[in-house]
K.L.:
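Okay, handing you the structure first.
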Amino acid sequence: MKFLILCLTGMTLVSNVYASALDESGQSILPFLEKGNYAEANIFVIDPKISGKVRNNPQLVDNPQDLRTGDMAQSFQYYNAALKLQLNEYFAFGLIYDQPFGADVLYPVKQNNSYSETKNLKEGTSVNVDSQNISMILGVKPYQNIQLYLGPVYQTIKGDVALRGNAYTTFFNGYDANFKEDSAIGWLAGMSYQIPDIELKLAVTYRSKIKHEMNVEESIYDQPINVTSFEKTKITTPQSINLDFQTGVNQSTLAFINLRWVNWKKFNIRPTQFGAITQAITSELTGGTYDQGFDLDSHRKDQLYAAIGLGHQISEKLSIGSEVSWDSGTGNPASSLNPTKGAWGLGLGIQYNPTPNYFIATSIKYFWLGDAIAEDGTYYLPITGIKENAEQADFKNNSSIAYGLKFGYRF
């Protein structure tokens, strides 16, 4: 089964490149499980098409003749890289760079003014989130087939949010938040079990949550907001668990499974001034019975992800693969900043090995994105009658295509 491991390395290229919430890279540990010394570099391009139809509510729509939102998802790209060094029979060291969380949203300007503002700013609602991770991993083999590994994770994150349109009422139409880049440290730990003769690998990896305290500049129509005293905004990126399994089916075929859980239910974003305004709004709406406000963005459910696939060696230099994936989503109704509910995916890949020690792989994956109702952040508040007004738009029959290119080298 000499070439089976090479086949799988490329076939999982786009396994988890578009997922729920802000999840982007899937935070794979697979490069660290490669034999010997190994390095790889990846580039991914994602082209989502996400649009919906706004509910015909007079408070939400200025021009009911066109209720379309237009395509609000922007194409984007990101990069991953990894280095694994087998120091000796017992110890290994790895570095993995990835961009785990991200978003690129821009609603087009529409005359219905639901998610855009055509009078003054003439802009649509937008979100941009960028993050970077560097994971340092030390592995030790206490037994021949078992490896334990752990290490620190250095993470940076930054972003911008602009709310435009009737969807955010007169209080937040024109609201901008600039999240200054912040860095923080987390950790990962895991265990793998391998039987090289049949190319069997089983690995379970836990990644901790990472707590950030960010400086956020908040304004409405370019005027700074000073409703309350300044405090840093606390954002915690979620903990997760990945399970990776592969085994040889025969001399030329590998089967693989990837499972992932992400604790999005405990994730929320509430900038200081935004939170103070929402507390005042909810207190006014309820006559003081509820004054806890609401989040700029949050999720109601944890994410579950599963992918299963096959890699097949056609010749000594050429391999192909395919996979099917399912993503649970993080709840429905969903935030208008990410109005989808999970996805089904089908991926195909091809890998070419000019020599046994390096390869080039490319993959493509199509996603059928789950239908969702977009809500404004207030849907789940314990306020009578709020759910009907919070539901704003229906997003159906959307899709995404992911492209991947990978270079791998063994030395």
K.L.:
Establish, for the pair Arg164 and Tyr107, whether the NZ or CZ atom is under 6.0 angstrom from the six-membered ring centre and no further than 45 degrees off its axis.
P.N.:
no
K.L.:
Minimum heavy-atom separation for Gly124 to Ser116, with atom names?
P.N.:
CA-CB, 3.8 Å
K.L.:
With no hydrogens and no angle check, do the side chains of Asn166 and Ser114 hold a donor and an acceptor under 3.5 Å apart?
P.N.:
no
K.L.:
Mind running side chain to side chain contact (heavy atoms under 4.5 Å, CB included) on Glu323 and Lys365 for me, showing each step along the way?
P.N.:
CA-CA 9 Å; Glu323 71 168 28; Lys365 190 170 182 179; 2.7 Å; yes
K.L.:
Can a donor-acceptor pair be found between the side chains of Tyr206 and Gln239 at a distance below 3.5 Å?
P.N.:
yes
K.L.:
Indicate yes or no: at least one non-hydrogen side-chain atom of Lys406 is less than 4.5 angstrom from one of Phe359.
P.N.:
yes
K.L.:
Do Gln99 and Asp130 pair up side chain to side chain, a donor and an acceptor below 3.5 Å, judged on atom types alone?
P.N.:
no
K.L.:
Using distance alone, with no hydrogens and no angle criterion, decide if Ser336 and Tyr168 have a side-chain donor and acceptor under 3.5 Å apart.
P.N.:
yes
K.L.:
Do Trp264 and Leu22 come within less than 4.5 Å of each other through their side chains, counting heavy atoms only?
P.N.:
yes
K.L.:
Could you tell me whether the side chains of Arg207 and Ser135 share a donor-acceptor contact shorter than 3.5 Å?
P.N.:
yes
K.L.:
Looking only at side-chain N and O atoms, does Tyr97 offer a donor or acceptor that is under 3.5 Å from a partner on Gln132?
P.N.:
yes
K.L.:
Mind telling me whether Trp368 and Tyr366 have parallel, tilted or perpendicular rings, with 30° and 60° as the class edges?
P.N.:
perpendicular
K.L.:
For a quick check under 3.5 Å, do Asn178 and Lys180 share a side-chain donor-acceptor pair by atom type?
P.N.:
yes
K.L.:
Are Tyr149 and Trp187 close enough that their ring centres sit under 6.0 Å apart?
P.N.:
no
K.L.:
Would you please indicate yes or no on a ring centroid separation below 6.0 angstrom for Tyr175 and Phe274?
P.N.:
yes
K.L.:
Tell me, with the steps shown, if Gln194 and Asn145 meet side chain to side chain contact (heavy atoms under 4.5 Å, CB included).
P.N.:
CA-CA 5 Å; Gln194 300 190 41; Asn145 297 329; 5.5 Å; no
K.L.:
Would you say OH of Tyr90 has more than 12 non-hydrogen atoms from neighbouring residues, nucleotides or ligands within 6.0 angstrom?
P.N.:
no
K.L.:
Using distance alone, with no hydrogens and no angle criterion, decide if Tyr115 and Gln392 have a side-chain donor and acceptor under 3.5 Å apart.
P.N.:
yes
K.L.:
Near Tyr221 OH, under 6.0 Å, is it more than 12 heavy atoms from other residues, nucleotides or ligands?
P.N.:
yes
K.L.:
Please determine which of Thr205, Asn242, Asp327 meets the side chain to side chain donor-acceptor pair (under 3.5 Å) test together with Arg260.
P.N.:
Asn242
K.L.:
Should Phe267 and Thr330 count as side-chain neighbours, where that means a heavy-atom distance under 4.5 Å?
P.N.:
no
K.L.:
Does the Lys NZ or Arg CZ of Lys387 fall within the cation-pi geometry relative to Tyr379 - under 6.0 Å from the ring centre and within 45° of the axis?
P.N.:
yes
K.L.:
Scan side-chain atoms only and decide if Asp297 and Asn268 contain a donor-acceptor pair under the 3.5 Å cut-off.
P.N.:
no
K.L.:
Is it true that Gln155 and Asn133 share a donor-acceptor pair across their side chains at a distance under 3.5 Å?
P.N.:
yes
